[in-house]
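Written out below as structure tokens is the structure these notes cover.
Starting from 1, each residue takes its place in the sequence as its number.
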Amino acid sequence: MQEVNAETTTAPEYRCAGLPRANPTQSFWIHSSPNANPLRCEGNDGPLTADADICIIGSGITGVGVAYHLSELVATLATTILDSPLRAVILEAREFCGGATGRNGGHLTPISFFNFAGQEEQYGIEEAIRSSALETYTASSIVNVIERHGWSKEIDLVNGGHVSLFFTQDEIKRLERDFERAKSAGLDLDDVQWLTAEEVNKTFGTPYPAVTRPGWNLWPAKLVTKLYERAIQRVGERFDLKLHTYTPVTSVERLAQTVSGSERALLLSTHRGSISCSRVVHATNGYASYLLPNLADPDGIMPWRGQIIATRASVGPELIGSNSWSKIDEIEGLDYYWFPRPLEPGQNNPLVILGRGSEPCTDDDSSLNPAGAKRLRELLPGWFEGKYEQGNEPEMEWSGITAYTAMRDPFVGPVIDLSTGDDSAYRGQYISAGYSGHGMPRAFGCAEVVAQMIIAELSGNEWSCPMWLPERYLTWNRVRHQN
């Protein structure tokens, strides 16, 4: 495995992302067992789908989420709206769910009141409220889908709450300000609990103050697999869905004129052939600028490499608990997150997933950062004395590519030219990407919005923005906000 020499310290270099690497590091979520990713090679050989109504690029929680929501929405349409089944195809450059969801995901914690004051001051109180509402809505939607279909055990859903640690008084003061502003705005914060350093040490064994709020963790690739299988169950007279893994899209071309007898205006190229379609959804997150070069600038989407380990605790689950955790290191400027996995048969000590994002403008997940690896090994033994063995080597270690934006908010909606707001060169193309390290509690909800937009267009209706979606996420508002 190739390694880079040091942490990134230079200013970000804005350049187009490449295609996902063919030899990524092995992720726990999709490589830890032969059954971890049953759809890994689905549709990677045989004939390629040549024609579709909608091509979805990316098979993570966004791409599969769009397909899932389309399948659900189509079932509610009047029979006269669609003359034939809505045909969708998902195209994935690597194995199924081989992007950020299957490499960095699993941590489902809504933002709650965090950064509320800053968002209110920058975007207004309504947008600050919507920021919290989106993540609450998305997390609740995911949990509701899981519980409604009885998937909880199969995807290891854990409702353990979330603990955020603080090392300085400045951190606490800022968060208390966020809390008071959010409470004044009417947010329901009854589930929030502030803990002193003594209480945290007594309960969790680490001597730092903290705040707890609702949160879950789960096996992300298994969730996405279930969502895809549910969408496939909808296949019939009104909906059709295909999946092609190991089929990277190398270009999206808008045809000067449609082929005779066809209404398809877009042509996607792959090494297996081309696909004609009417609409494209870019669900490629950190790799979005590969097909959309206009996003490779400070106002666009930057690939960002995270590094993750799976390390074994030294004590049993009764001393580790089931909480998920996070810590912002103000000196390093990095976010850390970790949570214990449910105890496996034959094991007495839980496996803990610990990750961080550290390297901007990096789309290479085939390598690891030695400095980052060293830091990850030091953290939990230093923070939780006696619960993690110093010098213990992780059972797995990998990297994954997320996506950051200047606003730390995703782009959702029709693809546009960021400099002008014009969409004529991209007509028929949509995007939901750039979750800035917070994809699990945002992507599924944003995917629903894109599906709603497509269905509204197909049915000749006007799309209206849900009350739970921040309007600044919408692509046509980004030009105004960032200039």
Between R442 and S436, a side-chain donor and acceptor under 3.5 Å
no

Please enumerate all residues that pass side-chain hydrogen bond (donor to acceptor under 3.5 Å, both in side chains) together with Y435, with sequence neighbours excluded.
T62, S432

How far does OG of S164 sit from CG of L175, to the nearest 0.5 angstrom?
7.5 Å

Verify, without hydrogens or angle tests, whether E135 (side chain) and P441 (backbone) share a donor-acceptor contact under 3.5 angstrom.
no

Result of checking L241, L73, L458 against L86 for side chain to side chain contact (heavy atoms under 4.5 Å, CB included)
L458

Report yes if the side chains of V224 and F96 come closer than 4.5 Å at any heavy-atom pair, otherwise no.
yes

Within this structure, what is the CG-OG distance for the pair L295 and S289, rounded to the nearest 0.5 Å?
6.5 Å

CG-CG distance between N348 and L343, expressed to the nearest 0.5 angstrom
7.0 Å

In terms of side-chain heavy atoms, does Y208 have a donor or acceptor partner in E171 at a distance below 3.5 Å?
no

Answer yes or no: is there a donor N or O on one side and an acceptor on the other, between the side chain of T270 and the main chain of T247, under 3.5 Å?
no

Got more than 12 heavy atoms from elsewhere within 6.0 Å of CD, E385?
no

Please confirm whether K327 makes a cation-pi placement over F167, using NZ or CZ under 6.0 Å from the six-membered ring centre and within 45° of the ring normal.
yes

Side chains of T245 and R40: does their closest heavy-atom pair fall under 4.5 Å?
no

Is P110 close to R213 at the side-chain level, that is, under 4.5 Å between some pair of heavy atoms?
no

Taking atom types as modelled, is there a side-chain donor on R103 or T25 under 3.5 Å from an acceptor on the other?
yes

Locate the shortest heavy-atom distance separating T109 from G215; write the atom from each residue and the value.
OG1-CA, 3.9 Å

Once you round to the nearest 0.5 Å, how far does NE2 of H31 lie from CG of N37?
7.5 Å

Is the centre of the W383 ring less than 6.0 Å from the centre of the W338 ring?
yes

Write out all pairs satisfying ring-ring contact (aromatic ring centres under 6.0 Å, His included) with one or both partners inside residues 436-456, taking only residues at least two apart or from two chains.
Y68-F444, H69-F444

May I ask you to decide if Y404's main-chain N or O and R408's side chain share a donor-acceptor pair within less than 3.5 Å?
no

Side chains of Y290 and T250 in contact at under 4.5 Å (non-hydrogen atoms)
yes

Taking the side chain as everything from C-beta on, heavy atoms only, tell me whether T475 gets closer than 4.5 Å to Y430.
no

Which value, rounded to the nearest 0.5 Å, describes the distance between L218 atom CG and H107 atom NE2?
10.5 Å

Rounded at 0.5 Å granularity, tell me how far OH in Y246 sits from CG in D45.
12.0 Å

Least distance between heavy atoms, R238 atom then A75 atom:
NH1-O, 3.7 Å

Between Y137 and E448, is there a side-chain donor-acceptor contact under 3.5 Å, judged purely by atom types and distance?
yes

Side chain proximity check, N392 to S314, heavy atoms < 4.5 angstrom:
no

Hey, are E359 and N369 close enough side-chain-wise for a donor-acceptor pair under 3.5 Å?
yes

For E229, which residues count as a side-chain hydrogen bond (donor to acceptor under 3.5 Å, both in side chains) partner, sequence neighbours excluded?
none

Between R356 and E378, is there a salt bridge with N-O shorter than 4.0 Å?
no

Residues which pass side chain to side chain contact (heavy atoms under 4.5 Å, CB included) with P470, listed by chain and number, not counting sequence neighbours:
E127, R130, S131, L134, R472, Y473

So, for I308 and G400, which heavy atoms are closest and what is the spacing to 0.1 Å?
CD1-N, 4.3 Å

Only one of F204, F339, F166 passes ring pair (Phe, Tyr, Trp, His ring centres under 6.0 Å) with W325; say which it is.
F204

Would you find a donor on one side and an acceptor on the other, under 3.5 Å apart, between the side chain of R279 and the backbone of I56?
no

By side chain to side chain contact (heavy atoms under 4.5 Å, CB included), E199 pairs with (sequence neighbours left out) L195, T196

Would you say the side chain of V163 lies within less than 4.5 Å of the side chain of V200, judging by non-hydrogen atoms?
no

Using the side chain to side chain contact (heavy atoms under 4.5 Å, CB included) criterion, which residues pair with S71? Sequence neighbours excluded.
A231, R234, F239

Say whether, by atom type as modelled, one donor and one acceptor occur between the side chain of H244 and the main chain of G43 under 3.5 angstrom.
yes

Check whether the ring centres of W219 and F28 lie less than 6.0 Å apart, and answer yes or no.
yes

Looking only at side chains, do R305 and S399 share a donor and an acceptor under 3.5 Å apart?
no

Does E92 reach the main-chain N or O of S59 with its side chain, forming a donor-acceptor pair under 3.5 Å?
yes

Parallel, tilted or perpendicular for H149 and W151, by the 30°/60° rule?
parallel

Do you see a donor-acceptor pair shorter than 3.5 Å between the side chains of T362 and D364?
no

Let's go through E154 and K222 carefully: what are the C-alpha distance in whole Å and the side-chain angles of both, what is the deciding distance for salt bridge (charged side-chain N to carboxylate O under 4.0 Å, His left out) to 0.1 Å, and is it a yes or a no?
CA-CA 8 Å; E154 293 176 83; K222 290 183 178 180; over 6 Å; no

Any side-chain heavy atom of V281 sitting closer than 4.5 Å to one from I454?
yes

